[in-house]
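Quick notes on the structure that follows.
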Amino acid sequence: MSAGDAVVVDARGLRCPLPVIRLAAASRDLPAGTLVTVLSTDPAARHDVPAWARMRGHATVAEAEVTPDEEADGGTRCVWSLTVRLGADS
Amino acid sequence: MTDTTEPTGNHSPAAPPTASASRVHLDNGGGAPLHPLARQALLQALDDGWADPHRLHTEGRRAARLLDGAREAVAAVLGARTEEVRFTAGHASALRDALVGTAKARRRAGGDVVVGGTERAAVLHAAAAAAQAQEGERAVVGVDRHGRVDADAFADRVARPGVALAALQHANGEVGTRQPLSTVHEATRAAGVPLLVDAGASLGHDVVPDAWDLLAAHPADWGGPAGVGVLAVRQRVRAVPPAPEDADPWAPGGVSVPAAFAAAVALQATEADRAAQDERRRLLTQRVREAAAAVPDVEVVGEPDDRLPHVVTFSCLYVDGEALVTELDRAGFAVGSGSACTASTLEPSHVLAAMGVLTHGNVRIALDRSTTEDDVDRFLAVLPGAVRRVRDVLGVGGL
C-alpha cells in the first residue's frame, strides 16, 4: 500500500454501534500509523468514530460528507467518510 | 379488540414482568413518580379547585385561591414575586413561548438568539424559529467534554450587537452538568440581553441561583403531576405572551388548577428535605459512577463534581443502546438512553454529540427521591453482566 492510502471499511447501511465495531475489527491487526477510513450512512458514526479513536489512542484526521453514490445508494443517503490514524496502543 | 399485535394480558409472551414491586425505575428525569404529598394535594384540589378560577362565584374564588397560593409557593422557592410566576400548559410550551415572546418584544434590539449547545430540543428549535421570525440567527455556543458551555464564548456572543435574548439551562438533565449560570448572567446583564434559564432538570433537586430574567421549570421532574409547566418572568423583562387577548395570556384557556396546586405542594415538599436528599443521592450517583467506570470500556460522562445530585450517564463501547435498555428492563430495571437506536429518530442525543462522547451504548439514570440504596446496589450487580451479554451478541470480544 502506498503512503497516504487508507484501508477502507464499508459500513454503509449499518446502524450504531456496528460501524464502529467494523472499524475496530479492521484496525485490530494493523500497525500504528495506518490510516483507516470508514464509510457510514448512520449519523451516529460521525460522533462515535472520533470518540472511539480518543478512547483507543487513535487520531481522527479527516471527516467529510461524501456525495451520495447514485448507483449504490439511489442518491438518497448521506454518506460520511471518517479517517483515523491508528495509534501505538491499538 | 381485534388488533392481535397488542399484548393481551397474561397470554402474551412479550408482556413485561407483572411483579411491579420488584421493578426499579431509574429513568425519572422529566417524569418522576408523583410525590406522596402531591397526590394528596391533587385529590384535595380536585374536590376544592375544579371550578374556573376566573368566575366570581364561591367555587370559582376557591379555585382562584388555590392557584394564587400555588404561584406564591413557587415564587417563594424561586426568590421571585408571586405576580412574576405563572403556570403554563407544560414545560416545553413555557420555554417556547418565553423564547418567541421575548424575541418579539426585543425585535428593535435585533433578531439573534444565543443558546448553549446542550439545551433541550424544545429550546434549540424555538430559538431557531424565533430568530428566523425576526430575521436573525440562532447562535449555538459550544460545550466542553463535560457538557459545560464555554462561558467566555457565550459572553462574547451576547455582547455583539443584534442579540434579542439568550437561553441557558441551569443544569443538563441528560448528563447532570451544571452550567456557569452566574458568570453567563453577569455577561448578559452587562450586554442588556435578557437570559432565559431552563431549570427543568434542576428545580426541586438543586438550588437555582438568582441568575435569570426568565425561567422555566418542569413540575413532573420534581414529583408534581404532568401536564403543567412553570414560567417566571421578572417584572423588568418585556415579553409578548402567546395570547395577549386571553384571560391567561401565557396559558390561553387556563391551566389545571389541581395540577398547578399539586405541583406547588410537591415543590415545597422537595425543598423541605432537599439538603438531605442532595447528600443521599449524590452518594448513590457517585457509587454508580465508580461501578460503571469499572466495567471494561465504559465511559462515565458529565461533570464529575459540579453536577445535579441525582443524574448519572455513561456510554458503553460496542454496545447497542436499545439492546442494553431491553436487557436491563428484562432484569427489572428501567433506564433511559441517549443512543440513536433507542430514539424514534436516527439521530443520537445532540447533548452527547456536542460533548464529543460516545453516543451508542448510552445509559441515562435519574434517581428519584424514593430510589433506595438497595435499588442502586441491585442495579449495579446486574449491570456488568448485561453489558457483557449484549456485547457477546455482537461478537466484539478482543476489540
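Since the structure is predicted, the reported quantities are computational estimates derived from the model, not experimental observations. We name chains A, B, ... by the order of the sequence lines, and we start the count at 1 in each one.
Close approach to chain A, defined as a heavy atom under 4.5 Å from one of its heavy atoms, is seen in B:Leu394, B:Val396, B:Gly397, B:Gly398, B:Leu399 of residues 386-399 of chain B, taken by number.
With values rounded to the nearest 0.5 angstrom, A:Asp42 atom CG is found 7.5 Å from B:Thr359 atom OG1.
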**Asked** Given B:Glu322 and A:Arg15, is the side-chain contact (heavy atoms from CB on, under 4.5 Å) satisfied, shown in steps?
**Response** CA-CA 11 Å; B:Glu322 182 180 4; A:Arg15 291 188 56 186; 5.8 Å; no

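Heavy atoms only, all atoms of each residue included: B:Leu358 and A:Trp52 are closest at CD2-N, 4.2 Å. Closest approach of B:Tyr318 to A:Ala24, counting heavy atoms only: OH-CB, 3.1 Å. Nearest heavy-atom pair across B:Glu347 and A:Pro43 is OE2-CB, 3.5 Å. A:Met55 approaches B:Asp297 most closely through the heavy-atom pair CE-O, 4.3 Å. When every heavy atom of B:Gly356 is checked against every heavy atom of A:Arg54, the shortest pair comes out as O-NH2, 3.3 Å.
No more than 12 heavy-atom neighbours from other residues, nucleotides or ligands sit within 6.0 angstrom of CZ on A:Arg22. A:Glu63 CD: more than 12 foreign heavy atoms inside a 6.0 Å radius.
For B:Leu317, the part lying under 4.5 angstrom from a heavy atom of chain A is the side chain only. With a 4.5 Å cut-off on non-hydrogen atoms, A:Arg46 does not touch chain B at all.
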